[in-house]
Structure formats: C-alpha cells, structure tokens
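Right, one structure below, let's go through it.
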Number of protein chains: 2
Amino acid sequence: MAEIVTRKEVAELAGVSEATVSRVFNDVGPMKEQTRQRVLQAAKTLNYHPNAIAQSFARRRSGNLGVVLPYVPKVHIFSTYYFSEVLSGIGEQVKASGNDMLLKFRVPGEESDYSSIFRSQKVDACVILGATDTPSERAELKKLEDGGFPFCLINQHMSGERFNEVDADHEGGSYRAVRHLLDLGYRDIAFLSGSPEYSNSGDRLRGYMQAMREAGLLPADAKTPGDLPAHLYYEGNYSRTSGIKAASAMHPHLNRIEAVFASNDRMAIGLMQGLREYGHVPGRDYAIVGYDDSEAARVTDPPLTSVAVPFYEMGRLAAERVLRRAGGGNETGGASEGFRLKLDTKLVVRQSCRILR
Amino acid sequence: MAEIVTRKEVAELAGVSEATVSRVFNDVGPMKEQTRQRVLQAAKTLNYHPNAIAQSFARRRSGNLGVVLPYVPKVHIFSTYYFSEVLSGIGEQVKASGNDMLLKFRVPGEESDYSSIFRSQKVDACVILGATDTPSERAELKKLEDGGFPFCLINQHMSGERFNEVDADHEGGSYRAVRHLLDLGYRDIAFLSGSPEYSNSGDRLRGYMQAMREAGLLPADAKTPGDLPAHLYYEGNYSRTSGIKAASAMHPHLNRIEAVFASNDRMAIGLMQGLREYGHVPGRDYAIVGYDDSEAARVTDPPLTSVAVPFYEMGRLAAERVLRRAGGGNETGGASEGFRLKLDTKLVVRQSCRILR
DNA sequence: TGAGATAATGAACGCGCGTACATTTTATAT
DNA sequence: ATATAAAATGTACGCGCGTTCATTATCTCA
C-alpha cells in the first residue's frame with residue numbers, strides 16, 4: 001500500500017505551516033499567490049491528497065447522501081425501472097454537488113434502522129425509496145423528523161405528516177389513463193392494483209375510481225376496492241409474475257371486461273402474457289394501459305400505452321433539495337423550508353388500446 | 001438537529017472511563033459483565049451511537065466499498081440489466097459483511113480519477129464496472145495496481161495484466177450460441193457486435209468466429225471483423241437504438257442472412273423491431289439469439305433465445321474477494337492472493353430460432 | 001496470609017484535518 | 001517617518017474514537 005502523505009509533509013516541503021496548506025486546499029482567507037503556488041507544487045511533488053475521512057471528521061460532515069433501498073434477498077431491486085431511474089437521477093445530482101452516494105439496504109420489518117443511519121453520522125442527509133405506509137414505518141420516520149434529520153421520501157406520500165417528499169401525480173396520471181380508455185368507448189374497465197402498502201398504489205386506485213365515477217360507471221360514493229364489482233378489481237405486487245397470476249383470475253371474466261388499467265408495466269406485461277395463454281390477445285380482445293412508461297412498454301406487442309413518470313427528475317430533485325437542507329449549514333435556525341413536490345405524469349399513447357375487430 | 005452523544009457522556013453516566021465504553025462497544029479485552037451492562041444501559045439511556053466517521057478515522061478504515069460506474073450524462077446507467085444485476089449482487093455481499101457501498105461516477109475520458117478515489121481514503125476497496133480497454137485506462141489501472149490499492153474489474157478482462165477480475169465466459173457462451181444456430185441448420189449467420197472497446201465484445205466475436213470456422217464457414221485463419229463477409233458483420237453500442245440502426249444496414253442483405261447472433265438482448269430487441277418495419281419477422285424469416293438473458297428476453301415475441309450470464313453472482317463474488325483482500329488487514333506482506341475468476345455462461349433456448357416456414 | 005499472576009480498568013496519545021486566535025508582514029494614510 | 005489598518009501566515013486546539021501502556025483490583029496457590 002502506498003504511504004500516506006499528509007498535510008504536514010507538504011507544509012515542510014513548501015516551507016509553510018500546516019494551516020497554510022489547509023487554506024490553499026480549501027481556498028480560505030487571503031493568500032499570497034506565490035505561497036499558494038509553492039504549496040500546490042509541493043503537494044504535486046508528494047502526490048498529496050487530503051484524507052476525505054479526516055476532512056469529514058473535522059468538518060463534522062460526511063459529504064455522503066444516504067440512499068435507503070428496501071432490501072429483499074433475491075429480489076434484484078435495481079432491475080426495476082423505477083429504482084433504476086430514481087437512482088440515476090440521484091447520481092447525477094450528487095455528482096454535480098460534489099457529494100457521494102452511500103447505498104443502504106434496509107430490511108423492511110427490521111428495528112429502528114432509520115435513525116441509526118443518521119446517528120452513525122455516515123450521511124448528511126437521506127433519500128428513502130420504497131417506504132411503506134405502515135404504522136411502524138410511520139413511527140420510525142416520525143422519530144427521524146423529531147430528531148431533525150434531513151430526509152426525503154420519494155414516490156411516497158404520507159398523508160397527515162409533514163415529511164419532505166418528492167412524489168408524482170399518480171392519481172392524475174391514473175385518471176387520465178382511464179379517461180383515455182373511456183374516451184375510446186370502453187366501459188367495462190378492470191383495475192390491476194399493486195401492493196396496497198405503497199401510498200402510490202392508493203393514488204392509482206383513486207384516479208381510476210374517480211374516472212369511473214365521473215363516467216357514471218360507479219356509484220358516486222364508491223371509495224374502496226370493496227365498492228367495485230369483483231370482476232373489475234385485481235391485486236398484484238408489481239412483479240411480472242403477479243401479472244401472470246392476475247391473468248388466471250381475470251380470464252374467466254374476460255367476456256365482461258373490455259379494457260384493463262394495470263398499475264405498472266411489468267404487471268401489464270405479465271398480464272398480457274398470461275391472457276395470451278388463454279387466447280386473449282391484447283389490442284384485439286381487450287385494451288390495456290400500463291404505468292411507468294418503462295422501456296419495456298416500447299417493445300411489447302402491441303406497444304403498450306402507459307403513463308410516464310419523471311422518476312429520473314424526481315431522484316434528482318429529491319437529492320438536490322435534501323442536500324440543500326442538510327448542507328446549507330444555515331445555523332440560523334429554521335434554515336430552508338420543508339418541501340413537498342408533486343411532479344406531473346403524462347399519458348403516452350401507443351397501440352395497446354386500439355381494438356381492431 | 002439532535003445533540004450528539006459521545007463516548008464521554010456515556011462514560012460519565014456509567015461511572016467508567018471512556019476507554020471502557022470503547023471496549024464494550026468493540027468487544028475488546030476481558031470485561032466484568034456487570035460493567036458491560038452498566039455501560040450498555042447508559043448508552044441506551046442516552047441513545048448513544050458511535051460516530052462512524054470518527055471510527056473510520058481512528059481505525060484508518062472507511063468501511064466502504066467503492067463501486068465505480070461509468071458516468072454518461074442522460075444515459076440512465078442503472079437501467080441496463082447488466083449494471084442492475086451486478087449492483088444487486090454487490091449490495092448483498094456488502095450488507096452481509098457489514099460494509100457500505102459508495103457509488104462513484106467516473107466520467108470516462110477524465111484524468112486520473114481512479115487513484116484519487118483511493119487516495120482520498122473514502123473507500124477501502126473498489127469494484128470497477130464498465131472499464132474500457134483503452135491505453136489510458138490501462139495506464140490508470142496499472143497505477144492503481146502499483147499503488148497497492150485493492151480493486152477488481154467486473155466483466156472485463158485486460159489481457160497481459162494481472163488485475164483482479166471477475167469475468168464470465170463470454171467466448172464460450174457466444175460459441176455455444178452460434179453452435180446452437182449451426183446445429184439447427186443455419187449457415188448464413190450474422191453477428192451484431194457491441195462497442196469494441198469492451199473486452200467482452202471481443203470475447204463474443206471470438207466465440208462467434210470459432211464456431212463459424214469450425215463449421216467451415218470461415219477460413220481457418222479468419223480472426224478479425226475484416227475477415228468476415230461484410231454482410232455478416234454489424235456493430236452497435238449495446239443500446240436498443242443501435243439495434244434499430246443495425247436493422248437498416250442489415251435489411252438489404254437479409255436474403256443472404258438466415259440467422260443473427262446479437263451481442264446483447266437490447267440490441268437484439270432493437271434489431272427485431274427495426275427488421276419488422278421492413279417486414280422481416282423474427283422466428284419466421286430469420287432466427288435470432290440474444291445475450292444476457294435479461295427479463296426482456298422473456299417478453300418479446302417470439303421469446304428470445306439468449307445467453308445467461310451470472311451477473312448477480314459476479315457482483316457478489318467481486319465484492320467478497322476484494323473486501324477480503326482489503327480488510328484481512330494481514331499486514332503479513334502479500335496477504336491474500338490475487339484472483340481472476342471466470343464464471344460460466346449458459347444458453348437459454350426459447351422460440352426465436354425455430355423457423356416455421 | 002502473602003506473593004505472584006491475571007483480570008479489569010484508567011490515563012494519555014494520536015489519527016489528519018479545519019479553524020479561532022495570535023502574530024507577523026505589508027500596504028495605506030498621514 | 002510614524003500610526004494604523006489590512007493582509008498573510010503561524011500556533012494551538014479539538015473533533016470522537018481506537019489503542020497502548022500504566023495502574024489497580026481480584027484471583028490462585030502455597
């Protein structure tokens with residue numbers, strides 16, 4: 001291992017004090033140009049690089065943005081479009097702001113993991129992906145909030161709390177998706193939901209129901225899945241496999257279903273695969289709309305109409321805002337405001353809804 | 001922000017010295033059980049968590065595994081199957097070994113980035129993804145090697161160097177893929193290459209050519225793309241778009257092409273899309289084999305025969321080995337051996353090669 | 001009961017850096 | 001030329017922890 005060069009040796013070689021070396025590297029205070037050059041030259045000669053850990057220690061600031069991901073063994077989390085895009089967005093912002101990103105896997109049901117992430121001081125701020133709206137997680141997050149740790153939820157909304165959030169308008173996106181189907185003349189529109197513990201699953205449901213109510217296809221007071229005709233409501237967990245499973249449940253009712261709105265593309269794809277096994281061809285026997293506008297939506301047959309969500313931008317924004325809250329270092333009390341952003345979603349029309357019989 | 005509780009306060013409350021608190025938390029030395037309990041109790045009362053940065057500083061060990069990713073603005077790197085899987089594998093191992101993973105984006109053509117990653121001491125070891133086999137990168141990596149920094153390349157082989165590597169048998173995988181096509185009776189088999197600066201692109205080419213030579217379809221001394229009939233060789237950059245572009249180039253020659261071996265699934269998918277525009281249907285007008293066995297291969301029409309690569313396991317192994325090299329702390333000179341692993345690949349047969357005319 | 005061994009704990013230092021404060025050098029104004 | 005201000009640099013300390021070495025409490029065996 002290469003020997004560690006410290007500030008001291010640079011100072012000696014340059015004939016200045018350690019403080020001066022430090023000043024040069026941090027661009028602090030007035031400084032004679034000649035001195036600066038001498039120090040830089042010495043540093044170069046010795047191949048000096050400030051020790052980041054020591055800097056973090058002295059500054060009491062790690063320079064790391066924590067990214068919390070749900071950890072489920074054997075589920076390859078990065079492979080899902082949503083996580084991939086969000087991470088890419090975070091990565092861009094982190095790089096731009098000179099920070100690093102520290103990935104943390106959180107085993108969902110596990111103890112007080114969140115606050116220990118902060119208490120260990122290894123991150124200055126935190127972005128949380130895949131939080132679920134369960135009592136225990138709410139409680140944990142509330143502890144974080146009370147502790148004053150800067151964190152931000154992505155793609156999650158906890159109603160009633162004042163957590164920082166960057167979310168997307170899933171309700172509106174779903175509403176428009178279903179409206180699109182309604183405008184095309186479909187009436188019997190089924191809904192394939194994702195795991196209900198994510199707030200955005202509920203958002204999608206609400207958007208669907210609102211559109212259906214407005215079209216007079218549901219009673220004006222219909223609110224929950226229970227208020228839906230059973231043959232129109234299905235539940236998966238956002239995996240392709242769960243879409244295939246839903247196909248088995250849906251297939252007997254397909255004579256009473258004209259169209260399906262699926263809560264993400266993967267389930268939509270699984271559903272299409274599954275229904276094909278029963279001889280039902282998407283775009284011919286039924287219309288279908290997916291959600292996420294992942295790359296996969298472009299390559300199915302027929303190409304899948306889907307709702308685009310700016311995941312990348314959401315990641316970028318979340319990182320930017322939460323780092324600003326953490327790093328501003330405005331010890332002036334409140335510092336920057338909390339934030340709750342909700343970005344727009346957009347329907348991308350392809351061929352999966354044109355029934356050509 | 002919550003006040004920071006330090007060892008000192010715990011020591012005071014427990015009525016012991018700071019050293020004792022430290023010993024309890026590090027499980028060092030003999031220790032009266034009663035004292036240990038008193039310390040733990042005090043720590044709990046005060047909600048003490050050791051400061052990870054200070055620990056890193058004192059131990060001169062960050063506890064971070066660096067993961068270097070190529071940074072290309074606007075290319076959402078995580079979205080590619082290969083990166084996703086490798087990262088998941090690394091994530092598992094890192095979690096299991098009590099480390100964290102620090103993501104570092106590297107702008108490809110940029111200066112001496114690699115060694116600064118280590119010199120800053122923010123990581124103890126490093127796993128490098130997407131390294132290219134160019135003179136400048138070779139030189140940089142060699143510097144790392146000389147510096148004695150523990151690092152490991154994934155899915156990359158630099159012939160002539162003794163870098164740590166975890167690679168897959170792409171040559172064998174490609175060979176078997178092409179053999180599969182040959183066994184089905186195809187003779188005119190085109191090859192769609194990825195970006196040539198990755199070593200594994202060359203591996204795939206070699207596997208392809210070997211199979212073709214053995215079948216007597218190429219001269220025994222055929223080595224480079226230049227030795228191939230022009231209508232059989234195409235080059236993309238692993239993106240779907242480049243597959244679509246390849247389709248334009250390939251389409252005029254499709255009367256002389258029976259099958260295609262594409263260097264990854266995304267390009268295969270793009271190619272299929274593109275050729276469809278010209279009326280050529282995969283599995284009917286031509287056979288096709290992809291590479292990676294990504295999830296996408298399962299949902300194309302027809303499902304894509306592809307070569308499975310154990311990316312997840314590669315990530316896991318690389319992390320394990322490189323952390324062992326770094327962390328063993330065996331100051332006993334050489335410590336653990338270098339490693340160069342090559343994992344097996346496997347052909348997964350689906351329907352894209354059955355031509356049913 | 002006492003001496004030596006061992007267990008248990010405390011005192012003190014340094015890791016490499018940022019920075020407040022003290023000091024010296026240089027510029028500016030009279 | 002001197003007084004004063006500003007610029008430039010040095011000195012010294014602490015961040016929270018791991019760890020070595022010194023010290024004290026406890027045990028063992030005669």
Side-chain angles (χ1 to χ4, degrees), chain A residues 1-40 42-43 46-63 116 118-122 124 327 329 331, chain B residues 1-40 42-43 46-63 116 118-122 124 327 329 331:
Chain A
M1 182 71 85
E3 319 73 53
I4 296 146
V5 181
T6 72
R7 182 174 77 167
K8 188 173 170 194
E9 309 167 44
V10 177
E12 279 168 10
L13 179 59
V16 297
S17 72
E18 290 188 48
T20 298
V21 177
S22 196
R23 289 194 188 95
V24 169
F25 275 83
N26 292 303
D27 203 23
V28 163
M31 168 85 38
K32 213 188 262 178
E33 181 57 23
Q34 176 198 344
T35 312
R36 143 184 265 98
Q37 290 306 332
R38 235 176 336 135
V39 168
L40 289 176
L46 298 174
N47 194 15
Y48 166 74
H49 291 252
N51 180 322
I53 298 285
Q55 286 179 317
S56 295
F57 182 52
R59 291 184 179 130
R60 259 148 305 176
R61 193 155 186 298
S62 67
S116 78
F118 278 103
R119 292 226 137 72
S120 76
Q121 316 255 57
K122 224 169 167 174
D124 304 322
E331 320 299 6
Chain B
M1 182 72 83
E3 322 71 54
I4 296 147
V5 182
T6 73
R7 183 174 76 166
K8 189 175 169 195
E9 308 167 45
V10 176
E12 279 169 9
L13 179 58
V16 298
S17 72
E18 291 189 48
T20 298
V21 176
S22 196
R23 288 195 188 96
V24 169
F25 275 82
N26 291 302
D27 203 22
V28 163
M31 168 86 37
K32 212 187 262 177
E33 181 58 22
Q34 176 197 344
T35 311
R36 146 185 261 98
Q37 289 306 332
R38 236 178 332 137
V39 168
L40 289 175
L46 297 174
N47 195 14
Y48 167 74
H49 292 251
N51 180 322
I53 298 285
Q55 286 179 318
S56 295
F57 182 52
R59 293 185 178 129
R60 260 149 303 177
R61 192 155 188 298
S62 68
S116 78
F118 278 103
R119 291 227 137 72
S120 75
Q121 315 253 57
K122 226 170 166 173
D124 304 322
E331 320 299 9

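Order of the sequence lines fixes the chain letters, A, B, ..., with proteins taken first and strands second; residue numbering starts at 1 for each chain.
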As an exercise, state the distance from CD of B:Gln55 to CG of B:Asn26, rounded to the nearest 0.5 Å.
6.5 Å
Give a yes/no answer on whether the side chain of A:Thr20 brings an N or O atom under 4.0 Å of OP1 or OP2 in D:dG10.
yes
Testing the basics here: between B:Val28 and B:Met31, what is the closest heavy-atom pair and its distance to 0.1 Å?
O-CE, 4.2 Å
Between B:Glu9 (CD) and D:dC15 (C1'), how many Å, whole number?
14 Å
I need the CZ-P distance between B:Arg36 and C:dA8, as an integer number of Å.
11 Å
What I'd like to find out is whether the side chain of B:Arg23 reaches to under 4.5 Å of the side chain of B:Thr20, using heavy atoms alone.
yes
What is the distance, rounded to the nearest whole Å, between atom NZ of B:Lys32 and atom P of D:dT24?
16 Å
Figure out the CD/P separation between A:Gln37 and D:dA8, and round it to whole Å.
14 Å
Spacing of CZ belonging to B:Phe118 relative to NE2 belonging to A:His49, to within rounding of 0.5 Å:
13.0 Å
Please state how far atom CE in A:Met31 lies from atom P in D:dA8, giving the value in whole angstrom units.
8 Å
Are A:Asp27 and A:Arg36 close enough that some pair of their side-chain heavy atoms sits under 4.5 Å apart?
yes
When you measure from the side chain of B:Ser56 to the backbone N and O of B:Ala52, does any donor-acceptor pair fall under 3.5 Å?
yes
Distance test, side-chain N/O of A:Ser56 to OP1/OP2 of C:dC17, below 4.0 Å
no
Terminal axis angle for the helix from C:dT1-D:dA30 to C:dA29-D:dT2, five pairs an end, nearest 10 degrees:
30°
Closest heavy-atom contact between A:Asp124 and A:Ser62?
OD1-N, 2.8 Å
Going 5' to 3' along nucleotides 17-22 of chain D, which nucleotides have protein heavy atoms under 4.0 Å from the base (write B), which only from the sugar-phosphate (write S), and which from neither (write -)?
BBBB--
Once you round to the nearest 0.5 Å, how far does CD of A:Glu9 lie from CD of A:Glu18?
10.0 Å
Heavy-atom distance under 4.5 Å between the side chains of B:Val24 and B:Leu40, does that happen here?
yes
Nearest whole angstrom, please: distance from the P of C:dG16 to the CZ of B:Arg60.
6 Å
